[in-house]
Amino acid sequence: MNFKKELATVLFELLGQEISLTELELMIEKPKIASRGDLAFPCFTLAKLKRKSPNLIALELGEKIQSPTFEKIEVVGAYLNIFLNKKEVSEKIVGEIIKKKALFGSQELEGGGNVTIDMSSPNIAKPFSMGHLRSTVIGNALAFIVEKCGYEPIKINHLGDWGTQFGKLITAYKLWGDAEKVKQNPIKELLALYIKFHEVAEMDPSLEDQGRSWFKKLEDGDEEALQLWQWFRDESLKEFSRIYDLMNVQFDSYAGEAFYNDKMDRVVKLLEEKQLLIESDQAQVVELTDEQLPPCLIKKSDGATLYATRDLAAALYRKENYKFAKSLYVVGHEQSLHFKQLIAVLKKMGYAWAEKMVHVPFGMMLKDGKKMSTRKGKVVLLEEVLTESIAMARHNIEEKNPNLANKDGVAKQVGVGAVIFHDLKNNRMNDIEFSLEEMLRFEGETGPYVQYTFARACSILRKGNWQTDVPPAAYLSGWEKEWKVTSLLMEFPNAIKRACENLDPSQVAKYVVDLAQAFNKYYAEVKVLEENVERSARLALVYSVTVVLKEGLRLLGIEAPEEM
RNA sequence: GUCUCAGUAGCUCAGUAGGAUAGAGCAACAGUUUCCUAAACUGUAGGUCGGAGGUUCGAAUCCUCUCUGGGACGCCA
């Protein structure tokens, strides 16, 4: 149902095929104000081409346009305002949704294929902070969105389970660690050790050297180092999976940095063969001056690898193993340079597919206007936030709907939904100032608001004994009051397409709020269940709204309880 | 210093590949429940779109310069 195209075709013929169809389609816009119709065509560009006044052109075109889908054409100055046939269009869209159900809005973009998504990627032995929430939640939503658009998503949790930090941690553990304490409360204890390391290292820089040497031992396969590492890793994963369960996030792979340990020699050899590796200050680098980028560090002066090396190995592995059509990296904006370098090095190596790698950056979670730092112990724990949000939801249920069944289950859906939605509703590049108060807000443009709208719509369907397979007895005569809602329903596929093309889940989040608002206004003024001929048609509309709201929320990784 | 992201209502943000009178939510104020869940709805108030030039019939949107803030810039990831 593409009315822009339809209008463009009509204009194309009327204008004697002077201007291409696609150009015309681009010129057509959606008026901001509803009273100006559903589509608008400004005639300024035509005026220039035809050397005629735009108002005159508008008048002439306005008289000639004839089509059953366009109910009314108004000429206002240089604008042609087109009104769609509300009844016809509404019946069509509602009919389509009833037929397709959750498949409504599914589409095929660019032929599909595998899309690897590098996401979440928390660091082992560190708490799962609010900072990791963003990557997790954005990546998860993108996976659903990309899938809706005909791709096969592969979610990879590229765990930070390797690197100098483990050298530091082992050093700290050997100096001050207590096995019992670690067993009892692993992440908290390991974090404390990590923080202490940095405090002491400020006075005694030799500690840094010890850290580096322990990491070298780890890389060389030292037994003691490996054992400690494995232990830290196991304990951390246990804690992480508790959080992923809470948020209902699953992964296709947990291949983290350590996984590429034995795959890096090959990368270094390839770089050597292609004569890209240059020694600089005893380290090995790839020069990227042609690309106007700083050199990419491949090996440290002590021979140990760096994250760039591992990311190169990972890129090769993913291409060979998953044959991706696209490879997304949902990683904070502060690493933009790193990904530019990574892609540039791969291109230098002659891999054209490096073009298909996309860094999906996002803004930072700030505390008091500043970056949160693990080292200084200034982190907010995601699990605590989720727990509080769920408790808040539970409290609200007790107050507003004490007879609800499965209160705990619903509280979880609502509490978690609030946190996820809060993260996804804005453009991902914006920094977010952490505010528990903001996150626990359940009114206005929030996840719970959308969920609540869905729940109420479901409630109406229950009371109206709505049966999906029974077509409406009669349709509405006008569809005037429901027009805002139906025209929004029509927009759903577009919102998904925009989200997929721009890799921006907020497009779906904003859409879902718009639809919820329109629907809330609608049923505040129209009695859906009123007994008359048009009742079943109204119920069909309500049903369509529930389908789209639920599917929209699903694409964001948020559940939709039928009662709350 | 170089690169990069951001600057729109008191606060948080929209603004769909330049269009007609710049929109929401929160907060404030005033209302709505014998009526499908008041986590809702209605109304009032709130703006020099950081600033200055430029391109255009038309700029919050594009270009240049500038101010402010965040981030990144070789042995951390």
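Every chain is numbered from 1 and lettered A, B, ... according to where its sequence line falls, protein lines coming before strand lines. Heavy atoms only: backbone and side chains are in, while hydrogens, waters and symmetry mates are out. Keep in mind the model is a prediction, meaning the values are calculated, not measured.
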Say you pick atom [atom1] in [N] and the same atom in [M]; how far apart are they, in whole Å?
N: B:A14; M: B:A6; atom1: P; answer: 10 Å
N: B:C36; M: B:A22; atom1: P; answer: 39 Å
N: B:G23; M: B:U16; atom1: C1'; answer: 14 Å
N: B:U2; M: B:C49; atom1: C1'; answer: 29 Å
N: B:A9; M: B:G46; atom1: P; answer: 14 Å
N: B:G50; M: B:A38; atom1: C1'; answer: 40 Å
N: B:G51; M: B:C11; atom1: P; answer: 15 Å
N: B:A17; M: B:C3; atom1: C1'; answer: 25 Å

Looking for any heavy atom pair under 4.0 Å, which part of the strands does [X] touch: base, sugar-phosphate only, or nothing?
X: A:A40; answer: base
X: A:V526; answer: base
X: A:A78; answer: nothing
X: A:K425; answer: nothing
X: A:E525; answer: nothing
X: A:N426; answer: sugar-phosphate

Specify the separation, in whole Å, of atom [atom1] of [X] and atom [atom2] of [N].
X: A:R462; N: B:C36; atom1: CZ; atom2: P; value: 14 Å
X: A:H333; N: B:A6; atom1: NE2; atom2: P; value: 8 Å
X: A:L46; N: B:C57; atom1: CG; atom2: P; value: 15 Å
X: A:I33; N: B:G23; atom1: CD1; atom2: P; value: 7 Å

Does [X] place a side-chain N or O at less than 4.0 Å from the phosphate oxygens OP1/OP2 of [N]?
X: A:K400; N: B:A39; result: yes
X: A:S459; N: B:C36; result: no
X: A:R212; N: B:C76; result: yes
X: A:N430; N: B:G7; result: no

[X] side-chain proximity, nearest of [options]:
X: A:R498; options: B:C5, B:U16, B:A24; answer: B:U16
X: A:R36; options: B:A20, B:U4, B:C36; answer: B:A20
X: A:K48; options: B:C36, B:C57, B:C26; answer: B:C57
X: A:K510; options: B:A14, B:C3, B:A20; answer: B:A14
X: A:V528; options: B:G70, B:C36, B:A20; answer: B:C36
X: A:M564; options: B:A77, B:G70, B:U37; answer: B:U37

Requested in this report: Please find out if less than 6.0 Å separates the ring center of A:Y307 from that of A:H338.
Outcome: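 Ring centroids of A:Y307 and A:H338 are less than 6.0 Å from each other.
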
Query raised in the report: With a 6.0 Å cut-off on ring centres, are A:F166 and A:F232 close enough?
Result: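 Ring centres of A:F232 and A:F166 not closer than 6.0 Å.
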
Let's test this: given Watson-Crick or G-U wobble pairing with both distances under 3.5 Å, identify the partner of [N].
N: B:G7; value: B:C67
N: B:G47; value: none
N: B:C73; value: B:G1
N: B:G58; value: none
N: B:U42; value: B:A30

[X] side chain to [Y] side chain, donor-acceptor N/O pair below 3.5 angstrom:
X: A:E563; Y: A:S459; value: no
X: A:Y449; Y: A:N520; value: yes
X: A:N123; Y: A:H132; value: no
X: A:D504; Y: A:S506; value: yes
X: A:N502; Y: A:R428; value: no

Would you call [X]-[Y] a salt bridge at under 4.0 Å N-O?
X: A:E257; Y: A:R310; value: yes
X: A:R441; Y: A:E438; value: yes
X: A:D514; Y: A:K510; value: no

**Report entry** Cation over ring face, A:K72 and A:F83, 6.0 Å, 45°
**Finding:**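 Yes, A:K72 sits over the ring of A:F83.
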
Report task. Would you verify whether the NZ or CZ of A:K126 falls within 45 degrees of the ring axis of A:F128 while also being under 6.0 Å from that six-membered ring's centre? Result ->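 A:K126 over A:F128 ring: no.
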
Query raised in the report: Listed in order of residue number, which residues of residues 279-286 of chain A have a non-hydrogen atom at under 4.0 Å from RNA chain B?
Result: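 When residues 279-286 of chain A is checked for heavy atoms under 4.0 Å from RNA chain B, the hits, listed by number, are A:S280, A:D281, A:A283, A:V285.
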
Query raised in the report: Among residues 300-309 of chain A, which residues get a heavy atom nearer than 4.0 Å to RNA chain B?
Result: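 Nucleic-acid contacts, sorted: A:K300, A:S301, A:L306, A:Y307.
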
Query - Closest-nucleotide 5' rank along RNA chain B - winner of A:W162 and A:N427 - result: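 First, find each residue's nearest nucleotide; the 5'-ward one identifies A:N427.
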
Query - Given RNA chain B, 5'-ward residue of the pair A:L39 and A:N401, judged by closest heavy atom - result: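 Mapping each residue to its closest nucleotide by heavy atoms, the 5'-most match is A:L39.
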
Query raised in the report: Do A:F339 and A:Y329 pass the ring pair (Phe, Tyr, Trp, His ring centres under 6.0 Å) test, and can you show the C-alpha distance, the side-chain angles, and the key distance before you say yes or no?
Result: CA-CA 9 Å; A:F339 284 104; A:Y329 289 83; 5.1 Å; yes

For nucleotides 40-47 of chain B, list the nitrogen or oxygen atoms of the protein found under 3.5 Å from its nitrogen or oxygen atoms, one pair per line.
| from | atom 1 | to | atom 2 | distance (Å) |
| --- | --- | --- | --- | --- |
| B:A40 | OP1 | A:G444 | N | 3.1 |
| B:A40 | O3' | A:N520 | ND2 | 3.4 |
| B:C41 | OP1 | A:Y449 | OH | 2.8 |

**Report entry** 4.5 Å side-chain heavy-atom contact, A:W162 and A:L218
**Finding:**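 A side-chain contact exists here, since the closest heavy-atom pair is under 4.5 Å.
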
Report task. Report the relative orientation of the aromatic rings in A:Y522 and A:F519; use parallel for angles under 30°, tilted for 30 to 60°, perpendicular for over 60°. Result ->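 The arrangement is tilted - the two ring planes meet at 30° to 60°.
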
Query raised in the report: If you take atom types as modelled and just measure distance, does the side chain of A:N81 reach the base of B:A20 with a donor-acceptor pair under 3.5 Å?
Result: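 Indeed, a donor on one side and an acceptor on the other fall under 3.5 Å apart.
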
